[in-house]
Protein chains: 2
Amino acid sequence: MVNAQKHSETAQKILEAAHKVFVKKGMYGARMQEIADEAGINKALLHYYFRSKALLFDAIFQKIFSQFLPGILQILEGEQNFEEKIKVFVGHYLDQFVNNKYLPVFIVNEIHQNPQRLYEMGQALRGLPSSRFITQLKEGIEAGKYLPVTPEHFMMNMISLTIFPVLASPVLTEIFSMDSQTTRQFFEDRKKIVPEMILNSISTKKIKGHEAD
Amino acid sequence: MVNAQKHSETAQKILEAAHKVFVKKGMYGARMQEIADEAGINKALLHYYFRSKALLFDAIFQKIFSQFLPGILQILEGEQNFEEKIKVFVGHYLDQFVNNKYLPVFIVNEIHQNPQRLYEMGQALRGLPSSRFITQLKEGIEAGKYLPVTPEHFMMNMISLTIFPVLASPVLTEIFSMDSQTTRQFFEDRKKIVPEMILNSISTKKIKGHEAD
DNA sequence: ATTTAATTTAACCATTTAGTTAATTATAAA
DNA sequence: TTTATAATTAACTAAATGGTTAAATTAAAT
């Protein structure tokens, strides 16, 4: 390769443009020409660097998931205590998704269209049940600090309360006639509300009310 | 129209096939030929009865939403007491979505691709903040029975805990290596767990632990 | 029975879009 | 400065796919 710099520069521009278009429109809604325009280059370069639409999409998909999954596990395996991890997890993913509104729909959609991909990255996923986070939950239950909830429901509750509101935010803002500032505050508030609700749902003793109003 | 029966029979077959294919693959992923095959008819009939792909899609979209939204409001406006409504709502939509796994992704996706549709059916949506259900919540708060939560967060929590797990079930079953019977039981359990968690999050006094194990 | 109109189909057309190619330009090596 | 290679482009091709049409079939009306 004569000019690795230029090569990777163009490839990078393509990846950024493809990321934007694929995440917004999905595999079938996206157009190669639109990606080329977004990158400000000739369409032939997409094939020069990535051969086909399917391979370009794969590259984007891999990139997104290779950042996403380790990010989750890193938080859940960390040294913090259990309740701190909940706050970090919720805050982190609220920030991440509110700033990339299209991402959760993309992820949900792609898994839905192509569930067999989950097999491929199976190992990264299956580390979760034996993660430190789940161990901490179980220890808390043993100690009588938490109710005997199952990890499956507990994780699902936490993730649902964090991610779904981002998916549903167009509907939410329409229903409650919320402006963008109100919407931003809504998600900011959830960083506090969700961890409290999660903890409250597993604690053996009642925790304070969580909205002052 | 000479034979209304035959007409509507074929149109019906088309609608059913289109529903199936569009909900599974989305507007862009769906193919007219696939819909025709699914209906067991010639592709030209799709255009004979519905003119274009876009119009056929509109018909499906309208049908789905015209069933969906009134169903929500009917529950929320009913005569039952507040806590009963929560149980009915959660149970109803868990059943509905577990039996139509593709539906929530379709809805989320379509709103995401085409948010301006929300304007069109705006009135049906905006009835929610003034629904009897929300009034009941506010009365409970006034009476000191419930914590002063906002309707926005309360509704979002309830809907998130109900719908998101259906979206995420492929990931869930992979992570926790769940077989189909276990998965079915998981969603059955949520009919009890979710209402308890919701109530627990707003009650001024602690409610019993909700998983016996 | 015959005629008329609606329905259905196979074959075709038009458009869109992914993908290719041959020529051009920029870059690095000799 | 010349040569070789990589990068880029405009123009093109091939395939997929939405949509049309003209002929055939079925059903209804007379």
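Note that the structure is a prediction, hence the values are computed from the model and not measured. In the text below, chain A, chain B and the rest are named by the order of the sequence lines, each starting its count at 1.
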*Compare side-chain N and O positions of A:Arg31 against OP1 and OP2 of C:dT16 and report whether any pair is under 4.0 Å apart.*
no
_Donor/acceptor link under 3.5 angstrom from A:Lys53 side chain onto base of C:dG19_ = no
*Which class fits the ring pair A:Phe106 and A:Phe61: parallel under 30°, tilted 30 to 60°, perpendicular over 60°?*
tilted
*Taking atom C1' of C:dG19 as reference, at what distance in whole Å does atom CG of A:Leu56 sit?*
13 Å
*Relative to the ring of A:Phe22, is the ring of A:Phe57 parallel (under 30°), tilted (30 to 60°) or perpendicular (over 60°)?*
perpendicular
*Phosphate OP1/OP2 of C:dG19 contacted by A:His47 side-chain N/O (<4.0 Å)*: yes
*Looking for any heavy atom pair under 4.0 Å, which part of the strands does B:Ala36 touch: base, sugar-phosphate only, or nothing?*
nothing
*Among the candidates D:dG18, D:dT9, D:dT20, find the nucleotide nearest to the side-chain atoms of B:Ala44.*
D:dT20
*For the residue pair A:His47 and A:Ser52, what are the closest heavy atoms and their distance?*
CD2-CA, 4.1 Å
*Could you tell me the separation between the CG atom of A:Asp58 and the P atom of C:dA18, rounded to a whole number of Å?*
15 Å
*asked:* What's B:Ala54 touching, base or sugar-phosphate or nothing? Going by heavy atoms closer than 4.0 Å.
replied: nothing
*Roughly how many Å is it from CD1 in B:Ile41 to C1' in D:dT25, rounded to a whole number?*
16 Å
_Between C:dG19 (P) and A:Met32 (CE): distance, integer Å_ = 6 Å
_Can you see if the side chain of A:Thr10 gets near the phosphate of D:dT8 - specifically, an N or O under 4.0 Å from OP1 or OP2?_
yes
*Look at the side-chain N and O atoms of B:Tyr49 and state whether any lies under 4.0 Å from the OP1 or OP2 oxygen of C:dT8.*
yes
*Selection from D:dA10, C:dA10, C:dG19 that lies nearest to any side-chain heavy atom of A:Lys43*: C:dG19
*Give me the one residue out of A:Lys24, A:Lys25, A:Lys53 that meets salt bridge (charged side-chain N to carboxylate O under 4.0 Å, His left out) with A:Glu34.*
A:Lys25
*May I have the distance from B:Glu34 (atom CD) to D:dT17 (atom C1'), rounded to whole angstrom?*
13 Å
_If I take atom OH in residue B:Tyr48 and atom P in nucleotide D:dG18, what distance separates them, rounded to the nearest angstrom?_
21 Å
*Could you state the CG-P distance from B:Leu45 to D:dG19, rounded to the nearest angstrom?*
15 Å
*Under the side-chain contact (heavy atoms from CB on, under 4.5 Å) rule, what do A:Asn100 and A:Val166 come out as? Steps first, then yes or no, please.*
CA-CA 9 Å; A:Asn100 299 279; A:Val166 181; over 6 Å; no
_Nearest-angstrom distance from the residue atom CG of A:Leu55 to C1' of C:dG19_ = 13 Å
